[in-house]
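See structure below.
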There are 2 protein chains.
Amino acid sequence: MAWDTTRTRRLLLEAAVEEFAEHGPQGARVDRVAVRAGVNKERIYQYFGGKRQLFTAVLEAELAKVAAAVPLTGAHLTDLGEYAGRVFDYHCAHPHFLRLLTWEGLERGRAEVAAEDERAAHYAGKVAAFAAAQEEGLITGESDPAHLVYAVYALATWWFTAPQVVRMITAGVGGDGPEARRAGLVRLVRRLTTPDDRTGGHRSHA
Amino acid sequence: MAWDTTRTRRLLLEAAVEEFAEHGPQGARVDRVAVRAGVNKERIYQYFGGKRQLFTAVLEAELAKVAAAVPLTGAHLTDLGEYAGRVFDYHCAHPHFLRLLTWEGLERGRAEVAAEDERAAHYAGKVAAFAAAQEEGLITGESDPAHLVYAVYALATWWFTAPQVVRMITAGVGGDGPEARRAGLVRLVRRLTTPDDRTGGHRSHA
DNA sequence: CAGAATTCCAACCGCACAGTTGGAATCACG
DNA sequence: CGTGATTCCAACTGTGCGGTTGGAATTCTG
């Protein structure tokens with residue numbers, strides 16, 4: 001059989017996504033990644049350098065995916081509830097990502113993270129879009145645009161970040177499940193971001 | 001010197017809180033806990049049983065602390081923004097807890113967690129209080145009470161759960177810091193929970 | 001104060017696991 | 001087809017770390 005280096009690399013990365021998402025950077029086992037990929041573990045060191053760098057590669061790959069899958073289009077700025085719903089849908093379908101992101105937050109903490117500049121620019125773009133929408137009166141001007149971005153992501157993702165807590169909070173909700181949560185989320189974000197009736201335009205949050 | 005078993009136990013638990021909050025259940029080292037506590041590590045196995053049980057003990061101790069420190073009084077139901085602010089303040093002052101909770105969520109996932117029944121009752125109480133406040137028209141009836149509880153905690157805590165993301169989102173905020181974040185949070189929660197002007201009483205969210 | 005029970009520790013054990021090595025199979029090039 | 005470079009793997013290594021052991025110091029009991 002011919003060598004297929006891109007395939008080998010891909011198999012390792014895919015296996016690593018699973019392994020790291022499941023067990024985290026500390027709990028992940030290099031041997032398990034190799035077995036999952038059906039490749040000798042020594043390949044990991046040749047292709048990626050080591051366990052730590054493999055985690056970085058995994059994170060960067062998943063970051064690129066999510067950024068591409070859930071863009072913030074102009075249309076969403078008139079209904080951020082639906083945007084939050086889309087974000088929720090993505091994480092529902094791809095639960096790996098938020099686990100990886102959460103682990104990154106816990107372990108790297110305040111230090112510089114992978115793809116720092118790209119990611120900073122990405123979020124700056126969101127904040128700028130929100131600010132512009134505020135100027136146009138599409139969303140409330142009563143909060144700092146960055147805080148609105150914060151709220152949308154916090155509300156859309158906390159389901160997955162603290163699942164054990166959410167399970168207890170929603171224990172009494174009749175028909176709790178992804179659909180009910182999504183609907184509740186959309187409602188929350190709409191109430192939070194819709195401009196106040198009384199004012200048509202921008203209002204300072206200072 | 002006389003034996004002081006409660007002191008030894010306390011020293012171990014305090015050291016373990018630090019160690020687990022810093023490194024997580026996987027990254028934590030039993031030897032380091034012992035050194036921090038100034039106690040032989042064998043004591044850990046006599047007092048707690050092992051690393052895993054020590055983590056459980058740490059979590060239960062911290063859960064009790066936070067539940068006692070930030071109660072939801074009747075007065076807060078007229079201003080949930082301020083309640084969210086109190087929750088934020090606690091986690092600002094005691095950043096250990098949310099790290100431990102997040103790690104629990106990642107590792108235990110959907111399985112049963114420590115003090116399951118107590119915690120479930122605790123959250124059920126919050127939801128019931130929110131529902132009662134809705135009936136009285138103190139907070140909006142447009143969302144399921146459980147979803148409002150969800151929103152309050154999500155907004156109050158996500159700062160600490162995804163610090164690297166928050167750092168990038170708020171990079172452009174002038175004077176970003178704990179005070180600015182707290183103020184923004186209070187404003188968000190107030191807008192989210194204040195009853196709609198048009199209706200004095202309860203409105204179904206069905 | 002004898003001796004049983006408890007608290008504590010220094011030293012040890014075994015293995016799981018990140019990373020390495022030496023060499024076999026495959027490819028690229030003339 | 002021959003020679004050097006590349007991809008791959010089985011087997012190995014060193015050690016970090018969870019957990020244990022044997023026994024010394026201290027306290028309890030009678």
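Convention: sequence-line order gives letters A, B, ...; per-chain numbering from 1.
- Scanning for side chain to side chain donor-acceptor pair (under 3.5 Å) contacts around A/Tyr150 gives B/Trp159, with sequence neighbours left out.
- Near-neighbour residues of DNA chain D inside residues 39-46 of chain B, defined by a heavy atom below 4.0 Å, number-ordered: B/Lys41, B/Glu42, B/Tyr45.
- Atom CG in B/Asp4 sits about 11 Å away from atom P in D/dT27, given to the nearest Å.
- Between A/Arg9 atom CZ and D/dT7 atom P the separation is 12 Å, expressed in whole Å.
- Residues of residues 10-29 of chain A having a heavy atom closer than 4.0 Å to DNA chain C, listed by number: A/Ala28, A/Arg29.
- Taking atom CD of residue A/Gln53 and atom P of nucleotide C/dA18, one finds them 13 Å apart after rounding to whole Å.
- Every pair passing side-chain hydrogen bond (donor to acceptor under 3.5 Å, both in side chains) that includes a residue from residues 67-79 of chain A is listed here, sequence neighbours excluded: A/Thr73-A/His76, A/Asp79-A/Arg190.
- For residues 90-102 of chain B, the set of pairs meeting the side-chain hydrogen bond (donor to acceptor under 3.5 Å, both in side chains) definition, not counting sequence neighbours, comprises B/Glu18-B/His96.
- Contact between the side-chain N/O atoms of A/Thr8 and the OP1/OP2 oxygens of D/dC8 is found at a separation under 4.0 Å.
- Counted within 6.0 Å of CD on B/Glu118, heavy atoms from surrounding residues, nucleotides or ligands total 12 or fewer; the atom is thus considered open.
- The CG atom of A/Asp31 sits 9 Å away from the C1' atom of C/dA16 (whole-angstrom rounding).
- Using a 4.5 Å heavy-atom threshold, the side chains of A/Arg36 and A/Leu11 count as separate.
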Worksheet item: Where do A/Phe160 and A/Phe88 land on the ring-ring contact (aromatic ring centres under 6.0 Å, His included) test, with the steps shown first?
Response: CA-CA 9 Å; A/Phe160 309 96; A/Phe88 177 87; 5.5 Å; yes
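- Straight-line distance from the CG atom of A/Leu54 to the P atom of C/dG19: 10 Å, rounded to whole Å.
- For the 3.5 Å distance criterion, the side chains of B/Thr8 and B/Arg43 fail to qualify, holding no donor opposite an acceptor.
- The side chain of B/Trp3 lies closest to C/dT6, out of C/dT26, C/dT6, C/dA18.
- Between A/Tyr47 and D/dT7 there is no side-chain N or O to OP1 or OP2 distance below 4.0 Å.
- At most 12 non-hydrogen atoms from other residues, nucleotides or ligands lie less than 6.0 angstrom from CZ of B/Arg86.
- Under the side chain to side chain donor-acceptor pair (under 3.5 Å) criterion, B/Arg108 pairs with no residue, sequence neighbours left out.
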